[in-house]
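What follows is a short report on a single structure.
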2 protein chains.
Amino acid sequence: MPTRAGRSPLSRDRVLRAAAALADRDGLAALTMRKLGQELGVEAMSLYKHVANKDEVLDGLAELLLAEFDPPTDDVGWREAMRRHAVSARATLARHPWGPVVLSRSGPSPAMLRNLDSVIGSLRRSGFSVELAAHAISLLDSYVYGWAVQEASLPFDTPDELAELTGAIMEGFSAEEYPHLAEMGTELIMRPGYDHGRQFEWGLELVLDGLERALGEGGSGG
Amino acid sequence: MPTRAGRSPLSRDRVLRAAAALADRDGLAALTMRKLGQELGVEAMSLYKHVANKDEVLDGLAELLLAEFDPPTDDVGWREAMRRHAVSARATLARHPWGPVVLSRSGPSPAMLRNLDSVIGSLRRSGFSVELAAHAISLLDSYVYGWAVQEASLPFDTPDELAELTGAIMEGFSAEEYPHLAEMGTELIMRPGYDHGRQFEWGLELVLDGLERALGEGGSGG
DNA sequence: CCCGGTGGCTTACAAAGTAAGCTAGGTGTA
DNA sequence: TACACCTAGCTTACTTTGTAAGCCACCGGG
């Protein structure tokens, strides 16, 4: 007899979705096989009929995540395509703070390769040399990824919380110890209307400007 | 009687250094309190006389790491100062693949704040507005950090190994599936003399160019 | 009607963090 | 000198987690 009536049967897919939901809700550290089982109304060991082990669950999360990234489209020009791709990646990673962790421990999965291939393709069709495309991807990826990692480690979600937190941190140290930090805190971050996310876009535009210039120069730069 | 004669007494500092050495040698996952104890010729529980718990060990590793970063100096101009700082940070993180992990889980520690403050100071003294300095740091940090995270997850150390690995990955998929990736693999990455690290510098120069331009425009950009 | 396979369950063990309390050896003080 | 005390390291034991091994009930086909 089923533990709970009307429960749909388990499947690898349902396991992974539940894992993502659990990690979203309670954090990646709370994702244990036992809790995951509970979530699905099942004992921990039952999960092993559908996934080989916990590593496979984590790899599966990486796949789910990559599937959420919009691949670039060719109908808007490379610059807009890259911008959208970067913005979407950042938004996805912000939605799932466990994203960077699972991505950085997964090897080159098909989803990852597919994603990469489509970005390279978009750039190549817009006139980027192989080398310049490599440079562009490396730069954009590092930026987005690094941003996301730092964002994921910040313990706040809204600008208000940021201001509040900044204030709390700043009470912990004297303005003599870290004068420049103090200045930045009071004159920028705690100002009403300050939006941390704006910085992401600013940096992204700077990077895109640089790439546009490098593309115009026709070479690989250097 | 000491387990091993002539052993110097334990201390928080010795514990942290041993932890760093162990993580360097066997990876962060191998850093357990028991192994760390062994490394020091001591039982696991003895460590707790010097550190509160494992979290404190990890936080301590973050401090050690930050101490390895060269702070920027004022005698070379902001651009060269930022370049050196970024290059040094990248080198440090490459030397310690566990770096990104411990950094991203540690809150704003004094070492972190000090580091940040000195970078802001260097920029401010070179004419950066508060806002532009914030943008610059955010961009540079994200780039270096994102690069480091990705580099840390790569399972090779030398260019030769990269070429070899790329070849191995590319045997796993058909050129029809990922045509652009295949092209990049054969025409760029597996070419003799290809140096992945060069891409870091290329991106860094692009970013510095952009910042220089933004500084010249005198405003905060936007 | 039996039979094998499948999906979930129970049990059990190893690794890891760490709480609690023990003890020996050195130290300051009467 | 003797004694009380402090400290660093030790022992034991509990909890959480991943997962190996094997059990059993059900279900569809011969």
Side-chain angles (χ1 to χ4, degrees), chain A residues 1-63 98 101-102 104-107, chain B residues 1-63 98 101-102 104-107:
Chain A
M1 186 208 319
T3 317
R4 205 161 10 121
R7 179 182 67 196
S8 45
L10 234 46
S11 70
R12 181 187 142 96
D13 197 64
R14 262 170 52 78
V15 169
L16 295 182
R17 283 182 199 293
L22 181 54
D24 280 342
R25 180 155 47 79
D26 298 344
L28 192 59
L31 173 55
T32 70
M33 298 304 273
R34 284 169 170 83
K35 289 218 191 79
L36 183 51
Q38 271 179 29
E39 212 71 11
L40 291 158
V42 134
E43 294 300 314
M45 287 313 292
S46 304
L47 301 172
Y48 287 87
K49 284 276 151 50
H50 302 276
V51 294
N53 48 41
K54 187 173 178 180
D55 275 0
E56 194 182 312
V57 174
L58 295 177
D59 290 349
L61 288 186
E63 305 271 322
W98 41 267
V101 179
V102 303
S104 69
R105 40 143 284 124
S106 94
Chain B
M1 184 206 323
T3 317
R4 206 160 12 119
R7 181 182 67 197
S8 43
L10 234 46
S11 71
R12 182 188 141 96
D13 197 64
R14 260 169 53 77
V15 169
L16 295 182
R17 281 181 199 296
L22 180 55
D24 280 343
R25 180 155 47 78
D26 299 343
L28 192 59
L31 174 54
T32 70
M33 297 305 273
R34 285 168 168 86
K35 289 219 192 78
L36 183 51
Q38 271 179 29
E39 212 70 12
L40 291 158
V42 135
E43 293 301 314
M45 286 314 290
S46 303
L47 302 172
Y48 287 87
K49 283 275 150 46
H50 303 276
V51 295
N53 48 39
K54 187 173 177 180
D55 275 0
E56 194 181 312
V57 174
L58 295 177
D59 290 349
L61 289 185
E63 303 272 323
W98 41 268
V101 178
V102 304
S104 69
R105 42 144 279 125
S106 93

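What you are looking at is a predicted structure, and each value in this text was computed from that prediction instead of being measured. The chains referred to below are lettered A, B, ... by the order of the sequence lines, with proteins before strands, and numbering in each begins at 1.
- Scanning all heavy atoms of the two residues, the minimum distance from B/G37 to B/L47 falls at N-CD1, 3.8 Å.
- Here the closest heavy-atom approach between residue B/T32 and residue B/K54 is recorded as CA-NZ, 4.3 Å.
- Nearest heavy atom pair, residue B/V101 against residue B/R105, reads O-CG, 3.0 Å.
- Between the C1' atom of D/dT17 and the CG atom of A/N53 lies a distance of 14 Å, rounded to the nearest Å.
- The backbone N or O of A/E56 lies less than 3.5 Å from a partner atom in the side chain of A/N53, making a donor-acceptor pair.
- The two residues B/H50 and B/S11 make their nearest non-hydrogen contact at ND1-CA, 3.7 Å.
- Partners of A/E43 by side-chain contact (heavy atoms from CB on, under 4.5 Å), not counting sequence neighbours, listed by chain and number: A/S46.
- When all heavy atoms of B/L61 and B/L31 are compared, the closest pair comes out as CD1-CD2, 3.8 Å.
- The NZ-P distance, from B/K35 to C/dA15, rounds to 10 Å in whole Å.
- To the nearest angstrom, C1' of C/dG8 lies 14 Å from CE of A/M33.
- To the nearest angstrom, P of D/dT16 lies 15 Å from NZ of A/K54.
- Residues from residues 43-51 of chain A that place a heavy atom under 4.0 Å from any atom of DNA chain D, listed by number: A/M45, A/Y48.
- The interatomic distance linking B/L36 (CG) with C/dA15 (C1') rounds to 16 Å, in whole Å.
- The stretch residues 20-27 of chain A does not touch DNA chain D, since none of its heavy atoms comes less than 4.0 Å from the strand.
- To the nearest angstrom, P of D/dA8 lies 15 Å from CG of B/L40.
- Taking each heavy atom of A/D24 and A/W98 in turn, the nearest pair found is OD1-NE1, 2.7 Å.
- Here the side chain of A/R34 is nearest to one of D/dG9, C/dG17, D/dT17, namely D/dT17.
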